[in-house]
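This report refers to the structure that appears directly beneath it.
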Amino acid sequence: MTKTLCALLSFAASLTLTILATNVSADVLRCRIEGFSESIFITSPPDTNQNDGQYARIGISPGIGNKAFAFADRMGAHVFVELDADGTPVGLLTVQKDMRVINSRQSIDPSGIVFAPSQSAGVCTRCESLKACLPR
């Protein structure tokens, strides 16, 4: 009975670890957006090259770039609020279920006035992994 219970607990623990490991994998998106000469990468945690573990990253290299908060819309889109080095929101990227992306940006001056708003569109593709998106 004890051996059976130990085997069952061991199986349950290994199954739990497998499920957790599956959920830990991050998404890496390569986006081509109008007005940008290079691809823009959106990398969700934990596959960022930073040790903060809680932020997605948006930049011109996979896993590196500005911090971003990620939100899943109940209709299936994913929204990323990009923050500058001071933690000020500077952009909003919305990735639709069909992988089309809308990039909304603005600048905020020291007095809190928003100026230079812009919006552009593009399309994203999902990379198999962080390394799969790296330039060859």
Side-chain angles (χ1 to χ4, degrees):
M1 176 93 171
T2 304
K3 285 184 180 182
T4 304
L5 183 58
C6 286
L8 185 58
L9 288 174
S10 176
F11 174 75
S14 67
L15 182 61
T16 301
L17 287 175
T18 302
I19 291 169
L20 288 175
T22 302
N23 289 336
V24 168
S25 65
D27 277 334
V28 181
L29 304 177
R30 177 192 314 241
C31 303
R32 296 295 299 169
I33 300 172
E34 295 170 8
F36 290 86
S37 60
E38 298 184 53
S39 293
I40 301 298
F41 293 91
I42 304 171
T43 309
S44 66
D47 266 353
T48 64
N49 291 329
Q50 312 296 321
N51 289 327
D52 53 28
Q54 63 183 349
Y55 296 99
R57 294 287 170 169
I58 297 174
I60 58 171
S61 294
I64 300 172
N66 287 343
K67 292 179 182 178
F69 289 114
F71 301 93
D73 179 83
R74 64 184 172 87
M75 301 306 282
H78 288 83
V79 178
F80 299 89
V81 178
E82 184 178 0
L83 310 172
D84 69 7
D86 295 330
T88 302
V90 293
L92 180 76
L93 284 97
T94 303
V95 181
Q96 301 173 147
K97 288 193 308 187
D98 64 0
M99 300 300 279
R100 290 181 30 207
V101 62
I102 304 298
N103 180 27
S104 303
R105 305 196 66 76
Q106 76 280 334
S107 296
I108 302 174
D109 73 11
S111 65
I113 303 297
V114 174
F115 64 97
S118 68
Q119 194 171 61
S120 54
V123 68
C124 296
T125 56
R126 188 177 312 277
C127 298
E128 291 181 26
S129 69
L130 182 69
K131 290 183 180 179
C133 267
L134 293 174
R136 300 183 196 278

### Query
Can you tell me how far the NE2 atom of His78 sits from the CE atom of Met99, to the nearest 0.5 Å?
9.5 Å

### Message
For the CG atom of Leu93 and the CD1 atom of Ile40, what is their distance to the nearest 0.5 Å?
### Response
8.0 Å

### Distance, nearest 0.5 Å, that separates CZ of Phe41 from CD1 of Ile64
10.5 Å

### Query
For the side chain of Glu82 and the backbone of Gly59, is there at least one donor-acceptor N/O pair under 3.5 Å apart?
no

### Query
Under 3.5 Å, side chain of Asp86 to main-chain N/O of Thr88, donor-acceptor pair present?
no

### Query
Looking at Asp73 and Met75, what are the two nearest heavy atoms and their distance?
OD2-N, 2.7 Å

### Task
Please answer whether the main-chain N or O of Pro62 pairs with a side-chain N or O of Thr43 as donor and acceptor at a distance below 3.5 Å.
no

### Task
Consider only side-chain N and O atoms of Ser111 and Asp109, and report whether a donor and an acceptor are under 3.5 Å apart.
yes

#### Entry: Euclidean distance, Cys127 SG relative to Ile42 CD1, rounded to 0.5 Å
11.0 Å

### Query
Hey, what do you get for SG (Cys31) to CZ (Arg126), rounding to the nearest 0.5 Å?
10.0 Å

### Query
Val95 and Ile60: same hydrophobic cluster, using ILVMFWY side-chain contacts below 4.5 Å?
yes

### Donor-acceptor pair, side chain of Arg57 and main chain of Gly65, under 3.5 angstrom
yes

### Message
Using the ring centroid of each side chain, check whether Phe69 and Phe80 are separated by less than 6.0 Å.
### Response
no

### Query
How is the hydrophobic cluster of Phe115 composed, in terms of its other members, when Ile, Leu, Val, Met, Phe, Trp and Tyr link through side-chain heavy atoms under 4.5 Å apart, directly or indirectly?
none

### Query
Any chain of hydrophobic side-chain contacts (each under 4.5 Å) joining Val79 to Tyr55?
yes

### Message
Going by the rule salt bridge (charged side-chain N to carboxylate O under 4.0 Å, His left out), which residues pair with Arg32 if we only count those two or more places apart in sequence or in a different chain?
### Response
none

#### Entry: Pairwise distance CD1(Ile102) to CD(Glu34) - rounded to 0.5 angstrom
8.5 Å

### Message
Can you give me the closest heavy-atom contact between Ala77 and Gln96, atom names plus distance?
### Response
CB-CA, 4.2 Å

#### Entry: Ile58 to Ala68 - nearest heavy-atom pair and separation
CD1-CB, 3.7 Å

